Amino acid sequence: MYQWLDERLEISRLYHKFLRKAFPVHHSFFLGEITLFAFITLVLTGIFLTLNYEPSIRPTELPDGRTVPAAYASVLYIDSLPFGAVIRSIHHWSAHIMIAAAFLHMLRVLLSGAYKKPRELNWLVGLGLLGLAVVTAFTGYALPYDNYAVTATRIGYGIGASIPWVGPTVAQIMFGGEFPGSEMAIPRLYSLHVLWLPLTLIALISLHMVIMIKQKHTQPKYAERIAPGKILGVPMYPQQLVMMSIVFLLYLAVVSFIGGVFIAHPIEAFGPPTPQTPAVKPDWYFLWIYGILQVIPSEWQFRLFGALISPEFLGGVVVPGILILAAVLLPFVDTRSDKQRYLELPSQHPLRTSVTLGVLVFFIMATLAGYKIDFQQAGSPLGDNRVLWVLLLVVPAVTTLVSFVLIKNLYGAKNEASGQLEPKAGD
Ligand code: HEM
């Protein structure tokens, strides 16, 4: 059979050209793979969900006599199928894991300097992937059409619609009209969630992998000592493939356990949408944006060329936009090395490491601000806006400064001795 195929498709040439390629081994490289495995799991479990889900809000009568939106009824039906609730939970938790793993993978690339020339393009493709993963998760939020999901999606709708000039068009494309209210919203979010966004993700992941194979992976530092100038690693086939398969099976085992024990988003408990808005918080990856919205005073609004610049726009679009812009520009600003073959150590790059730590602390503080109302109800000083502003601005700045001084003092002498500290332009 192999010979028959080889005579026609020359698969042995393919094997020698691609599958014998050395793949450097480092535990942090599994983060990109875990992101990929979470995405594959999302597609597989998503296929099962689409077969049983009804993307409509038409009134439907349940066996117990209640009239609810069809989407809500179909998710109740999914939960009643054998393993239905578990598969829905695996889908839900895989979305969380994909976003967390993609973020940690980005941090690894950032802290090891793997975004530098020649990998700028793959850094940008990666940023696009992370953004798309978050948007895809958001479009899935409203689909169960329970009270909680509808309220959480309404917050996102408000942010999208607040963008000056283009907001109404963005809202129209994503929701097909006002949300909640528009009959088109669920069919529109559904087609984005199960077709257009996953197809774009598949195309971008393929591009990400092709670029990575073409440019070769960065290597752990020890490779420079053992085999200078060479790629040190295991062949793609069979060794790397076996390791990847083991990690995939482990991933499936862990996520199935989590999905079986922690049933996600119990829609029966939330009930169908009602005119009363329940107190909801978005998922953890949106909570920092929600936190910023909590601390921006409602009077911070003005008109610019006829358009309203609202607090939603400032907190939900401008602040994340600044961080995204900084990430986009990073590989074009930090051009200190053009021989990016080896992983850089965070201790050898105090400025980059300390700024990264500062931004991470900013995310944590903004997430904390997301609990402002809970702090107020508990009578905690953290419910005070002034305290939250200090936490948001001062704590990240102090973290950056202190970590910079610490890294310089702890590792500076060592780095200078080995000539590694913050190489200058052209190094
Ligand atoms: C759906 C999301 C993503 C998937 C499935 C994915 C997958 C992968 C895989 C499997 C690798 C090789 C193994 C590794 O280095 O971990 C890789 C490398 C890489 N990824 Fe991603 N990635 C994603 C998102 C991102 C993000 C958010 C960034 C950064 C903004 C990024 C930037 C890179 C770069 C620059 C490399 C080459 C790293 C090197 O040579 O050391 N990726 N990606």
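Treat the numbers as computed from the prediction; the structure is a model and nothing was measured. The figures here come from the full heavy-atom set of this structure, side chains too, leaving out hydrogens, waters and symmetry mates. Order of listing sets the numbers, starting from 1, for every ligand and every atom in it.
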Q: Could you list the atoms of ligand 1 found under 4.0 angstrom from a heavy atom of Leu36?
A: 5 (C)
**Q.** Taking every non-hydrogen atom, the tightest pair across Tyr342 and Thr218
**A.** C-CB, 4.4 Å
Q. Hey, does the side chain of Ser354 reach the backbone of Leu351 with a donor-acceptor pair shorter than 3.5 angstrom?
A. yes
Q: Answer yes or no: is there a donor N or O on one side and an acceptor on the other, between the side chain of Glu183 and the main chain of Ile57, under 3.5 Å?
A: no
Q) Between His265 and Phe270, does the ring centroid distance fall short of 6.0 Å? A) yes
Q: Report the part of Leu127 in contact with ligand 1, treating N, CA, C, O as backbone and CB onward as side chain, heavy atoms under 4.0 Å; options are side chain, backbone, both, neither.
A: both
(Q) Tell me the contacting part of Met212 for ligand 1: side chain, backbone, both, or neither, using a 4.0 Å heavy-atom threshold, strictly below. (A) side chain
Q. With a 4.0 Å cut-off on heavy atoms, does Phe39 reach ligand 1?
A. no
**Q.** Geometric N/O contact Trp123 with ligand 1, under 3.5 angstrom
**A.** no
Q: Identify the heavy atoms of Ala71 and Ser74 that sit nearest to each other, and give their distance.
A: O-OG, 2.8 Å
Q | Arg119 neighbourhood, listing ligand 1 atoms whose heavy-atom distance to it stays under 4.0 Å | A | 40 (O)
Q.
Counting non-hydrogen protein atoms only, what is the nearest one to atom 16 (O) of ligand 1? Give residue, atom name and distance.
A. Phe29 O, 2.9 Å
(Q) Tell me if the OH atom of Tyr15 is crowded by more than 12 foreign heavy atoms within 6.0 Å. (A) yes
Q | Residue part near ligand 1, for Thr218, under 4.0 Å between non-hydrogen atoms | A | both
Q. Which residue owns the protein heavy atom closest to atom 38 (C) of ligand 1, what's the atom, and how far is it?
A. Arg108 NH2, 3.5 Å
Q | Residue, atom name and distance, where the atom is the protein heavy atom closest to atom 10 (C) of ligand 1 | A | Gly32 C, 3.5 Å
Q. Which residue and non-hydrogen atom of the protein lie closest to atom 1 (C) of ligand 1, and at what distance in Å?
A. Met98 CE, 3.5 Å
Q: Mind checking whether Gln215 contacts ligand 1 via backbone (N, CA, C, O), side chain (CB onward), both or neither, at a 4.0 Å heavy-atom cut-off?
A: neither
(Q) Please compare Gln219, His208, Met244 and report which has the shortest non-hydrogen distance to atom 42 (N) of ligand 1. (A) His208
Q.
Give me the residue, atom name and distance of the protein heavy atom closest to atom 9 (C) of ligand 1.
A. Met209 CE, 3.4 Å
Q. For atom 35 (C) of ligand 1, what is the nearest protein heavy atom, given as residue, atom name and distance?
A. Val109 CG1, 3.5 Å
Q. For ligand 1, which atoms have a heavy atom of Leu130 less than 4.0 angstrom away?
A. 27 (C)
Q: Look at atom 28 (C) of ligand 1 and say which protein heavy atom is nearest, naming residue and atom and giving the distance to 0.1 Å.
A: Gly126 CA, 3.4 Å
Q) Should one rank His105, His26, Glu33 by closest heavy-atom distance to atom 18 (C) of ligand 1, which comes out on top? A) His105
Q) If we only count heavy atoms from C-beta on, is the Leu330 to Leu110 side-chain gap below 4.5 Å? A) yes
Q: Measure from the ring center of Phe29 to the ring center of His26 and say whether it is less than 6.0 Å.
A: yes
Q: Please confirm whether Tyr115 comes under 4.0 Å of ligand 1, counting heavy atoms of the residue only.
A: no
Q. Can the ring centroids of Tyr53 and Tyr77 be said to lie less than 6.0 angstrom from one another?
A. no
Q) Looking at Ile258, Thr45, Leu42, which hits side-chain contact (heavy atoms from CB on, under 4.5 Å) with Ile90? A) Thr45
Q: Name the orientation class of the two ring planes belonging to Tyr251 and Phe248 (parallel below 30°, tilted from 30 to 60°, perpendicular beyond 60°).
A: parallel
Q) Does atom CD of Gln3 have more than 12 heavy-atom neighbours, drawn from other residues, nucleotides or ligands, at distances under 6.0 Å? A) no
Q) What residue and heavy atom of the protein are closest to atom 2 (C) of ligand 1, and at what distance? A) Thr35 CG2, 3.4 Å
